[in-house]
Amino acid sequence: FMTAAVGLAVYQYMSGADVGYLDLKSPRSGEVLCIQEWPLRHSLISWSSVELWEDWAAYREDMDGYIEEHRCMPRNSTSRRRPQCATVKVPLQSMDRRLGNPMGAEYSWTNDTVEIYGYLFLWMTVWIWVMITVHDLALTTVDNRDYILDVRGIRMFFPCWRKLYLLLGFRCWKRMRRGGGLLVGKKRYLQQAMRLVSLVFAPVFFAWSVFAFMALVIPVAFCFFVMYPIRLSRAVICINCLASAVYGLVLTIHCIAFVSSIDQRQIYAVTWEVPSVQGGPCVCGCMYPLSVPRCWTLLLIGAAVAYKSSTLAFRSLKGLRRSNWANLMSVLFPIPLTAYEVAWTQPDGQPIQHRKPGEPVQGELAFDPFALMD
């Protein structure tokens, strides 16, 4: 539950941006832009409104055309001189609005970076919570604890997973690194050359491994988990945590770019309503980038997610090595735990009262001292 709470807090922080997140001293737009309808971020109604989805597609396909079609003129503005974002005065009650999407020449898909990370971490957190719940509930029961597979069990019951490992490219790279060369008939050629190629193209193999892991291994593992939740709970916890660690590391690197250059930061729009000359609705706004303190906060969030996910993945390795060495994932300290059955019978060998043949007399939690020897 603590892991789920932390993940939800990270999502709320990344999706709840307000004016305090922005660097108001460095506007990215010179003049104030006024249009009839300004798309806002993180609006719940936008997910169910067909009209808002149509507007979303319109301004992403043709931003300039959308602005010209919805442009309006405020009453307190003249056609000769429009207000500037550096000197505009906005009433405080207008600051309670949600931040808007950046409109104008500064728009690009990179302005959705923080939101993408937020939804991604929320999705991974929900799955990790489900997997840990299934794993720990199964581990503390006598009937189901032996169904949670380790690596040897996965190789036995799911031999097709070996093909997923081959797709990562590690085996091919190790063969080249050891001088395996090219096998033609019964002879091998270019053994020394392949060693050099393995060193030169090591970054390419690493990039392909990360891509294959994210795009192929994780979706396949999730599909298998839906069909075999208890058997694969421990393995999918490790895979999901490794993926979350990679996403956290990518967010950390991304935020380093945010801190180093203001041009790389995500842009938000501060909007406010004004009366228009036409008499209809009119919303004005200016674009501002994320502030440096918020970028540092996001950097620390990415590093914390990577560290926390890595520790969860490493804690699952003991159980993946041998299933009887497994420990609970929901506790904060890795103490091995298993369920022992206390069995006794009547003098004639029959089960005791209220018990059936083969049914454990009592299943109680106990620490496994042999797992501490590993």
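- A continuous path of ILVMFWY side-chain contacts below 4.5 Å connects V246 to Y117, so both sit in one hydrophobic cluster.
- Looking at S209, its side chain does come within 3.5 Å of a backbone N or O of L168 through a donor-acceptor pair.
- For the pair R231 and Y147, the NZ or CZ position fails the cation-pi test of under 6.0 Å to the six-membered ring centre and within 45 degrees of the ring normal.
- The backbone N or O of W173 sits nowhere less than 3.5 Å from a side-chain atom of S198 that would complete a donor-acceptor pair.
- Taking the six-membered ring where the residue is Trp, the centroids of Y119 and Y11 are separated by under 6.0 Å.
- A single hydrophobic cluster is seen to contain both L120 and L216, as judged by linkage of ILVMFWY side chains at heavy-atom distances under 4.5 Å, directly or through other members.
- The shortest side-chain heavy-atom distance between L196 and V200 falls under the 4.5 Å cut-off.
- Hydrophobic clustering, with ILVMFWY side chains joined whenever heavy atoms are under 4.5 angstrom apart, groups V130 together with L242.
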Take V305 and L251 through the side chain to side chain contact (heavy atoms under 4.5 Å, CB included) test and state the conclusion after the steps.
-> CA-CA 9 Å; V305 169; L251 175 60; over 6 Å; no
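- You'll find the ring centres of F205 and W208 outside the 6.0 Å limit.
- The two residues A221 and V236 make their nearest non-hydrogen contact at O-CG2, 3.9 Å.
- Once rounded to the nearest 0.5 Å, the distance linking CD1 of I301 with NZ of K308 reads 15.5 Å.
- Classified by interplanar angle (parallel below 30°, tilted 30° to 60°, perpendicular above 60°), the ring pair Y21/Y13 is tilted.
- Counting heavy atoms of neighbouring residues, nucleotides and ligands inside a 6.0 Å radius, atom CE of M227 exceeds 12 of them.
- In the hydrophobic clustering of this structure, V204 does not group with F211; members are Ile, Leu, Val, Met, Phe, Trp, Tyr whose side-chain heavy atoms approach within less than 4.5 Å, directly or through other members.
- Between the CD atom of E37 and the CE atom of M103 there is a distance of 10.5 Å, given to the nearest 0.5 Å.
- In this structure, the side chains of W272 and C286 come closer than 4.5 Å at one or more pairs of heavy atoms.
- Contact annotation: the side chain of R321 never approaches that of V151 to less than 4.5 Å [non-hydrogen atoms, C-beta and beyond].
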In sequence, state the C-alpha distance, the side-chain angles, and the governing distance for I67 and I35, and then conclude on side chain to side chain contact (heavy atoms under 4.5 Å, CB included).
-> CA-CA 7 Å; I67 292 176; I35 56 179; 4.3 Å; yes
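- When all heavy atoms of R265 and P289 are compared, the pair lying nearest together is CB-CB, 4.2 Å.
- Closest approach of A245 to S309, counting heavy atoms only: N-CB, 3.6 Å.
- How far CG of D23 is from SG of C295: 9.0 Å, rounded to the nearest 0.5 Å.
- Residues P219 and M214 approach most closely at CD-O, 3.6 Å, considering heavy atoms.
- Between L328 and T140, some side-chain heavy-atom pair lies under the 4.5 Å cut-off.
- Panel note: side chain Q266, backbone V114; a donor-acceptor pair is recorded below 3.5 Å.
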For C34 and C284, what are the C-alpha separation, side-chain angles and deciding distance, and is it a disulfide bond (SG atoms under 2.5 Å apart)?
-> CA-CA 4 Å; C34 297; C284 296; 1.9 Å; yes
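- Between the side chain of R315 and the backbone N or O of M329, at least one donor-acceptor pair lies under 3.5 Å.
- Atom CD1 of residue I239 and atom OG of residue S244 lie 12.0 Å apart, to the nearest 0.5 angstrom.
- The only option from L33, V32, V270 that meets the side chain to side chain contact (heavy atoms under 4.5 Å, CB included) definition with C85 turns out to be V32.
- Cluster annotation: Y165 and F157 are assigned to the same hydrophobic cluster (Ile/Leu/Val/Met/Phe/Trp/Tyr, side-chain heavy-atom contacts under 4.5 Å, transitive).
- Listed for the S233 side chain is no donor-acceptor partner under 3.5 Å among the backbone atoms of V134.
- For D112 (side chain) and E115 (main-chain N/O), no donor-acceptor pair under 3.5 Å exists by modelled atom type.
- The shortest side-chain heavy-atom distance between L298 and M14 falls under the 4.5 Å cut-off.
- At most 12 non-hydrogen atoms from other residues, nucleotides or ligands lie less than 6.0 angstrom from CZ of R171.
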Worked verdict on L99 versus L22 for side chain to side chain contact (heavy atoms under 4.5 Å, CB included) = CA-CA 10 Å; L99 297 180; L22 307 181; 4.0 Å; yes
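- Between the side chain of D150 and the backbone N or O of L320, no donor-acceptor pair lies under 3.5 Å.
- Of all the heavy atoms in R234 and S323, the pair that sits closest is NH1-CA, 3.7 Å.
- Between the OG atom in S26 and the CG atom in L290 there is a gap of 12.0 Å [rounded to 0.5 Å].
- Using a 4.5 Å heavy-atom threshold, the side chains of N240 and M131 count as touching.
- Between the S261 side chain and the A257 main chain, no donor and acceptor come within less than 3.5 Å of each other.
- Judged by distance alone, with hydrogens and angles left aside, the side-chain atoms of E31 form no donor-acceptor pair with the main-chain N or O of Q84 at under 3.5 Å.
- T271 contributes atom OG1, which lies 7.0 Å from atom CH2 of W38 (distance to the nearest 0.5 angstrom).
- Here the side chains of L40 and N101 are not in contact, with every heavy-atom distance at 4.5 Å or above.
- Two residues are said to be in side-chain contact when any heavy atoms from C-beta on lie closer than 4.5 Å; Y247 and V250 fail this criterion.
- The main-chain N or O of Y288 is never found under 3.5 Å from a side-chain atom of R28 such that the two would form a donor-acceptor pair.
- In R195, the CZ atom is crowded: over 12 heavy atoms of neighbouring residues, nucleotides or ligands sit closer than 6.0 Å.
- You'll find the ring centres of F158 and F224 inside the 6.0 Å limit.
- More than 12 heavy atoms of other residues, nucleotides or ligands shown are found within 6.0 angstrom of CZ on F213.
- Minimum interatomic distance between C241 and L312 (heavy atoms only, all atoms of both residues): SG-CB, 3.5 Å.
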